[in-house]
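Worksheet: one structure, shown below.
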Protein chains: 2
Amino acid sequence: MASIKDVAAAAGVSVATVSRVLNAHPSVSADARARVLAAVEELGYRPNAVARSLRTDQTHTLGLVISDVLNPYFTELARSVEEEARALGYSVIIGNADERPELQDHHVRNLLDRRIDGLLVSPTDGGSPLMLDAARAGTPMVFVDRWIPGLDVPVVRADGRAAVRDLVAHLYALGHRRLAIIAGPAATTTGSERVEAFRDALAEYGLALPGAYIGQGDFQAESGRRVTEGFLDLPEPPQVVFAADNLMALGALDAVRARGLRVPDDIALAAFDDIPWFVHTDPPVTAIAQPTGELGRAAVRALVDRIEGRTPRSVTLPARLVVRRSCGEPAAPAQAPSADLSPSPVQRSTS
Amino acid sequence: MASIKDVAAAAGVSVATVSRVLNAHPSVSADARARVLAAVEELGYRPNAVARSLRTDQTHTLGLVISDVLNPYFTELARSVEEEARALGYSVIIGNADERPELQDHHVRNLLDRRIDGLLVSPTDGGSPLMLDAARAGTPMVFVDRWIPGLDVPVVRADGRAAVRDLVAHLYALGHRRLAIIAGPAATTTGSERVEAFRDALAEYGLALPGAYIGQGDFQAESGRRVTEGFLDLPEPPQVVFAADNLMALGALDAVRARGLRVPDDIALAAFDDIPWFVHTDPPVTAIAQPTGELGRAAVRALVDRIEGRTPRSVTLPARLVVRRSCGEPAAPAQAPSADLSPSPVQRSTS
DNA sequence: GCACGGCGTGGAATCGATTACACGGCACCG
DNA sequence: CGGTGCCGTGTAATCGATTCCACGCCGTGC
């Protein structure tokens, strides 16, 4: 592969001049510039990003460590992150932690070794020493979706409290009184927050959230199934199951169906995180939708602000309830009943 | 951040010795090794991968350029690719082309600039000059899923011919005679091959595939909707729509539902590419399943073979038909009728 | 007519690693 | 006892860029 030296030789100038041309430095004669550009074209020269990074100590690369690529929520997040980063002149390297802390550490270490300019993390746990050290050592960092308390790191996330309250109102209006939740890992902020928001909302209606109605999941489908089976085995099973993420909702749907029961007739189902597929499931699933794309973009902007010396801001955006049919008819007033017939969110503009 | 010089100074040795310790070179005394290791620990030293790559001309990184991250098929592919690469000591940088050739080129160029050791591509089009040049210039490369004819590049893919034949047999047995297909872009191999396989299979049953029953899609949901609407507007609409990928199937489902029609009573639906969500849609969708994980792993092995000087092999694995309810009852003999009640493929082992 | 300033340019240092080569010391062999 | 060879180590070149500094040249102003 041609290097800057080859270009310099071909153009009859020094490497310094070539570098100046490539970096749009003003101090280059028109003549030299033309000869350099001709040589670049001729040789098909492309600057070696590795060498450049070594010298400038910048990689123009962001690391994104997410909890689970197979979760459509995170896939969409990753997509919007890459898009915004590209618009700002950065590339993104994605690390999939698969909800496993040790894998998360592996990726963080790998990304740090590659000297990425900044790190976007949706932590799988409460924070490993590695991550805490990196944050304290001054690695530009932004948390997205989930975060680790006690660190001076900006957080970009959705606030689901209001939407959870709307959901409970909706369920109450439909006559449901025994409501259960499949929680995420307590070590994650989203894991514990959603339970809390749910409990608080229930309290407003004078409803309790007994221990038996809190199932411990891990954000994966299998745990949703297991927990739901436990609920169904109770002497007095809940009338509604609220899953703290979309994969666990899927597992719950499986468990209900495996018993030959029907949603919502025998038991109602709702989920945190809305995804395009919920429109097409049987029945369409009532869910709390996060502004995922906007979260990804805001997170990138905050991180790049931090990298480029500006002051990053934490951002909290509201989530909203999307009513479909999995909790019973008729649809609540908050939402048009035809929601599940509207054009699928799977489509997107590609202009 | 501490560099190798700091470690050398702290350990009282030269940088060469530090490097030798870190690279397990035999010619180091036990004493020196111990002092170096102690210094490494003390300083929290981590080798700079950028500098190392510059010197050794290896990044231990693979580039993966896929057509669409939001397509669960490619998400799963990406996941298995990363997993196998990690097992072999490589990292993966994913580029999402979004079915747009210019975006594909952007990522290929970016990855080449970063001097990735090899490239895994599922081309969005027939091959840009950039990609052809890279292949001919000797960049280690492997095509996965889709490929570009006429290049000496190994291809790892699934063969769907037999499964398409099974599908047609299934449809024929259910009494369907007017079968239509939503094709992918003709510029992609999977786009044209699937139509051909479908036509050939129909011919075996003495059925024709008229032009009106071939809709041109682009592998995105919206095109599936549009094409399906066209089918439904025909004087004699087809009895079955076969979508060449899962997103277009989703669009088709939307279009059918928007007319107030029902699958499979009014029109049947089948898809190429099986995804976990097809179990949960209304109705569960009959699909052709690729061995996605195995494809990703095989592709990485081929690429790493090529990178490390061994001879890579092309791999073709069979796809298989998974019958569910979207083409009509009763389920075909080829598959257990309870397929859609089996544990969801969304779960996975995490051991 | 001379000094000064700015512009275009090249030489060389530098980033942080790897590695070829040289060198001193010690052991072993003849 | 001297030569050979290996072992452990350090010096320095190198990868491909960026950038500081110095230098030569030219134009301008006094």
Side-chain angles (χ1 to χ4, degrees), chain A residues 1-40 43-61 89 91 109-117, chain B residues 1-40 43-61 89 91 109-117:
Chain A
M1 201 138 213
S3 86
I4 196 170
K5 270 189 217 161
D6 304 315
V7 175
V13 298
S14 71
V15 296
T17 299
V18 176
S19 176
R20 279 189 277 254
V21 170
L22 296 175
N23 293 287
H25 189 102
S27 240
V28 184
S29 66
D31 176 57
R33 164 171 291 112
R35 293 214 312 283
V36 167
L37 292 177
V40 164
L43 297 172
Y45 168 76
R46 296 247 83 213
N48 184 328
V50 175
R52 187 191 297 236
S53 293
L54 175 60
R55 183 59 235 244
T56 61
D57 203 30
Q58 296 184 44
T59 50
H60 273 279
T61 302
S91 307
R109 193 173 296 115
N110 180 24
L111 292 166
L112 257 22
D113 285 355
R114 288 166 184 276
R115 302 302 194 265
I116 43 129
D117 293 340
Chain B
M1 201 140 209
S3 85
I4 196 171
K5 270 189 217 161
D6 304 315
V7 175
V13 299
S14 72
V15 294
T17 299
V18 175
S19 176
R20 279 189 276 256
V21 170
L22 297 176
N23 293 287
H25 187 102
S27 234
V28 183
S29 67
D31 176 55
R33 164 170 291 110
R35 292 213 312 283
V36 167
L37 260 19
V40 164
L43 297 172
Y45 168 75
R46 295 248 82 211
N48 183 327
V50 174
R52 183 188 297 223
S53 292
L54 176 61
R55 183 57 234 245
T56 60
D57 203 30
Q58 297 182 43
T59 50
H60 275 277
T61 303
S91 307
R109 192 173 297 114
N110 181 24
L111 292 166
L112 257 22
D113 285 354
R114 288 167 184 276
R115 302 300 194 266
I116 45 125
D117 293 341

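Proteins come first, then strands; the chains are lettered A, B, ... in the order of their sequence lines, and each starts at number 1. The figures that follow rest on heavy atoms only: side chains count, while hydrogens, waters and symmetry mates do not.
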Can you tell me if Ser27(B) touches the phosphate of dG8(D), counting only side-chain N or O atoms and a distance under 4.0 Å to OP1 or OP2? yes

[atom1] of [X] versus [atom2] of [N]: gap in Å, rounded?
X	N	atom1	atom2	answer
His25(B)	dG8(D)	NE2	P	9 Å
Asp113(A)	dA17(C)	CG	P	10 Å
Gln58(B)	dA17(C)	CD	C1'	13 Å
Leu54(B)	dT14(D)	CG	C1'	9 Å

Pair Asn110(B)-Arg114(B), side-chain donor/acceptor within less than 3.5 Å: yes

Taking distance alone, no hydrogens or angles, what donor-acceptor pairs closer than 3.5 Å link side-chain atoms of residues 21-29 of chain A to residues at least two apart or in another chain?
{"from": "Asn23(A)", "atom 1": "ND2", "to": "Ser19(A)", "atom 2": "O", "distance (Å)": "2.7"}
{"from": "Asn23(A)", "atom 1": "ND2", "to": "Ser19(A)", "atom 2": "OG", "distance (Å)": "3.3"}
{"from": "Ser29(A)", "atom 1": "OG", "to": "Ala32(A)", "atom 2": "N", "distance (Å)": "3.1"}

Hey, are Arg109(B) and Asp113(B) close enough for a salt bridge, meaning a charged N less than 4.0 Å from a carboxylate O? no

Given 3.5 Å as the limit, does a donor-acceptor pair link the side chain of Ser91(A) with the main chain of Thr61(A), or not? no

Starting at the 5' end of nucleotides 17-27 of chain D, put B wherever the base has a protein heavy atom under 4.0 Å, S where only the sugar-phosphate does, and a dash everywhere else. BBBB-------

Nearest 0.5 Å, please: how far is OG1 in Thr59(A) from CG in Asp117(A)? 3.5 Å

Give the table of side-chain donor-acceptor pairs shorter than 3.5 Å for residues 1-9 of chain A, with sequence neighbours excluded, one pair per line with atom names and distance.
{"from": "Ser3(A)", "atom 1": "OG", "to": "Lys5(A)", "atom 2": "N", "distance (Å)": "3.1"}
{"from": "Asp6(A)", "atom 1": "OD2", "to": "Ser3(A)", "atom 2": "N", "distance (Å)": "2.7"}

